[in-house]
Amino acid sequence: NAGVTQTPKFQVLKTGQSMTLQCAQDMNHEYMSWYRQDPGMGLRLIHYSVGAGITDQGEVPNGYNVSRSTTEDFPLRLLSAAPSQTSVYFCASSYSPGAYEQYFGPGTRLTVT
Amino acid sequence: GQQVMQIPQYQHVQEGEDFTTYCNSSTTLSNIQWYKQRPGGHPVFLIQLVKSGEVKKQKRLTFQFGEAKKNSSLHITATQTTDVGTYFCAGAKTDSWGKLQFGAGTQVVVTP
């Protein structure tokens, strides 16, 4: 099992550019989520999905879109990158939202200039 | 804003010493999880506490869930250099579909 994979590992964008962060898991988990990590802020939930075709907003959803067409994949789209979106992004999956351990991917370090 | 608070934010520990990090929630939690993130790495699950007053041990780590299910602690005895990293607590609330809310973390630095 590869667990949770994320691509790319590093990305530099110019303000206004768009891009998609990829996340995939091979554990057949229904629940997937995206977090951003900023110094001193811990992990903040951006969007989450409780199954294919179902997504919802987390704590900090503005500027991001998600979709879940398959159980395995949960891409995160930045519509028009802003410097405030410079962060480390983690994708996570689990059997259920809060009752089971979250498996995190290795992260994507994004810099917006 | 942040509803799960962790203290201290930083902890410098001499190798061999004990320390404790605390996690406090403004509301009652259905469960609490603890994660460890090594420098440059991703969060890794350590443990989950569900019952009021629950205490669990993992070798030198002792985790406790408060009686009111609003606070938790992680106590590490005889700290080793392998304990370096950031420790996060994450609380799940019963009225929010079990979504986890993470604390800001305690960054632990160990001096040999």
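Please read these numbers as outputs of a predicted model, since none were measured by experiment.
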- Message: Before you tell me yes or no, could you show the steps for A:Q22 and A:T7 under side chain to side chain donor-acceptor pair (under 3.5 Å), namely the whole-Å CA-CA distance, both residues' side-chain angles and the distance that decides it to 0.1 Å?
- Response: CA-CA 5 Å; A:Q22 301 291 344; A:T7 56; 5.8 Å; no
- Message: Strictly below 4.0 Å, N to O, side chains only: are B:D18 and B:R60 in salt-bridge contact?
- Response: no
- Item | B:F45/B:Y35 aromatic ring centres below 6.0 Å | yes
- Message: Looking at B:R38, I'd like to know if its CZ atom is crowded, meaning that more than 12 non-hydrogen atoms belonging to other residues, nucleotides or ligands lie closer than 6.0 Å.
- Response: no
- Message: Can a side-chain donor-acceptor contact be found between A:H47 and A:T55 if the only test is distance below 3.5 angstrom?
- Response: no
- Of the backbone (N, CA, C, O) and the side chain (C-beta and beyond), which part of B:Q6 lies under 4.5 Å from a heavy atom of chain A, both, or neither? neither
- Task: Mind jotting down which residue pairs meet the disulfide bond (SG atoms under 2.5 Å apart) criterion with at least one end in residues 16-49 of chain B? Sequence neighbours excluded, please.
- Result: B:C23-B:C89
- Message: If the contact rule is any heavy atom under 4.5 Å from chain B, which residues of residues 103-113 of chain A qualify, in numerical order?
- Response: A:F104, A:G105, A:P106
